[in-house]
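Structure first, then comments.
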There are 2 protein chains.
Amino acid sequence: MRSPTELAQVFRDKQLKLKPQRQLLFSRLHQNKSHPTAESLYEIASKQMPGISLRTIYQTLGELAEMGELQLVDVGIGATRFDPNTGDHHHFVCESCRAMHDVDILTSPKMSLRRGGGFAVNEVGVVFCGRCNRCNHKQQVRSPESQAKDKASN
Amino acid sequence: MRSPTELAQVFRDKQLKLKPQRQLLFSRLHQNKSHPTAESLYEIASKQMPGISLRTIYQTLGELAEMGELQLVDVGIGATRFDPNTGDHHHFVCESCRAMHDVDILTSPKMSLRRGGGFAVNEVGVVFCGRCNRCNHKQQVRSPESQAKDKASN
DNA sequence: TTTCTGATTTGCATCTAATGCTAATTGACA
DNA sequence: TGTCAATTAGCATTAGATGCAAATCAGAAA
Ligand SMILES: [Mn+2]
Ligand SMILES: [Mn+2]
Ligand SMILES: [Zn+2]
Ligand SMILES: [Zn+2]
């Protein structure tokens, strides 16, 4: 995803308004490696802009995704994650704390794309599911509630 | 997944009752390659047993999954799919009609398992997303409503 | 065969994640 | 400064799924 300033330019060029809500999200997303959900961004954004609407978060994230600035990652467990890293990579997700980490691509794009038994393949997603080091050490499985609070970042 | 008769035995051994609802689902699931959702199984089962509850479908599918007789496949688009094929394989899903097809494993298990940047990986899921041949031919994108009706099978 | 009892089913409430809708607000430009 | 389309925010609604408790029933025991 481009830098907040570059994005601002893009938005201006498209006659889109530069509301503070957007600018805030641009900055919270830029170089964010935490793979946040809409809700987690909402919590973070609310600290700096109390009263911001969750609806706006969804709205803006949707726009950015449509513009190709964000990648949507849905691993089938919990909510959709938003990833400003639009490069070709995959993900590991901890089934205990739900933290998500990048996994640099292992499968050669050649092998993965354009093969699927004779179908037109647009996208290949690889998800590694397991336990992160941190969760592996503490024995306890943490409650889904406490998990949500992990991904503060940026 | 085992055959209906084998499953019946397993259930008896565990002092679980052999209700007709279960037997019906056993038979609708056995060797079913359509990767049905709970709802689609509900529709199918309702034809033979009007009045069967969707809650029971979810219940029974959950039990079978917990017993390792079914594989849950969640591709992040639409509902969870249930797969009686518990072998090591992956999936192609058509983003137009949502049909799901098996993709025989391409990644060597060695390469995929036990690698993810230093995490304990339990499972690797590969999802190919695109358009199936049928949808590729007809231009039109079909409505999500009409799509649901494809997966009649067994 | 009848009785008894815990397993099962079912309907309904509830939940999470997300989207639809619309009135109120506001940035940008004339 | 006024205008107006873009944007926001609040609320309703949806899809998919699970929690809960009363009613039902398979099958062991008598
Ligand atoms: Mn990533
Ligand atoms: Mn399969
Ligand atoms: Zn973890
Ligand atoms: Zn298709």
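Naming convention: chains lettered A, B, ... in sequence-line order (proteins, then strands); numbering from 1 in each chain.
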- request: Measure the distance from OH on A:Tyr42 to P on C:dA18 and round it to the nearest whole Å.
  value: 15 Å

- prompt: Going hydrophobic residue to hydrophobic residue with side-chain gaps under 4.5 angstrom, can you get from A:Val93 over to B:Ile77?
  reply: no

statement: Hits for salt bridge (Lys or Arg N to Asp or Glu O under 4.0 Å) against B:Arg12, two or more places apart or cross-chain, chain-then-number order -> none

query: How long is the line joining NZ of A:Lys14 and P of D:dA6, in whole Å?
result: 14 Å

field: Contact list for DNA chain D against residues 52-64 of chain B - heavy-atom distance below 4.0 Å
entry: B:Arg55, B:Tyr58

message: How long is the straight-line distance from CD of A:Gln9 back to OG of A:Ser3, given to the nearest 0.5 Å?
response: 10.5 Å

- request: Using atom CE of A:Met49 as one end and atom C1' of D:dT7 as the other, report the distance to the nearest whole Å.
  value: 13 Å

message: Using the rule that Ile, Leu, Val, Met, Phe, Trp and Tyr join whenever any side-chain heavy atoms are under 4.5 Å apart, tell me whether A:Ile57 and A:Phe26 fall into a single cluster.
response: yes

- request: Working to the nearest 0.5 Å, report the span between CG of A:Asn85 and CE of A:Met1.
  value: 11.5 Å

Spacing between A:Ile77 atom CD1 and D:dT18 atom P, to the nearest angstrom: 13 Å

message: Would a single hydrophobic cluster contain both B:Met100 and B:Leu61, if residues Ile, Leu, Val, Met, Phe, Trp and Tyr are joined by side-chain heavy-atom contacts under 4.5 Å?
response: no

Could you run down the sub-3.5 Å N/O contacts of the protein with nucleotides 27-30 of chain D?
none

field: Spacing of B:Glu123 atom CD and B:Asp88 atom CG [to the nearest 0.5 Å]
entry: 9.5 Å

- prompt: Taking atom P of C:dA17 as reference, at what distance in whole Å does atom CD of A:Glu43 sit?
  reply: 11 Å

field: Close residues, residues 2-9 of chain A, relative to DNA chain C [heavy-atom separation under 4.0 Å]
entry: none

task: Sequence neighbours left out, what passes ring pair (Phe, Tyr, Trp, His ring centres under 6.0 Å) with B:Tyr42? Give chain and number order.
output: none

field: Contacts of A:Arg55 that satisfy side chain to side chain contact (heavy atoms under 4.5 Å, CB included) - sequence neighbours left out
entry: A:Ser53, A:Tyr58, A:Gln59

message: Please report the distance, rounded to the nearest Å, between CG in B:Leu72 and P in D:dG16.
response: 15 Å

message: Rounded to whole Å, how long is the line connecting atom CZ of B:Phe26 with atom C1' of C:dT8?
response: 12 Å

- request: Quick one: label A:Gln21 by what it contacts on the DNA or RNA (base, sugar-phosphate, nothing), any heavy atom closer than 4.0 Å.
  value: sugar-phosphate

- request: Measure from CG on B:Leu41 to C1' on D:dG16 and round the result to the nearest Å.
  value: 15 Å

field: With A:Glu63, the salt bridge (charged side-chain N to carboxylate O under 4.0 Å, His left out) member among A:Arg22, A:Lys14, A:Lys19, A:Lys17
entry: A:Arg22

- prompt: Roughly how far, to the nearest 0.5 Å, is CG of A:Leu41 from CD1 of A:Ile52?
  reply: 9.5 Å

message: Would you say B:Thr80 places a side-chain N or O within less than 4.0 Å of OP1 or OP2 belonging to D:dG16?
response: no

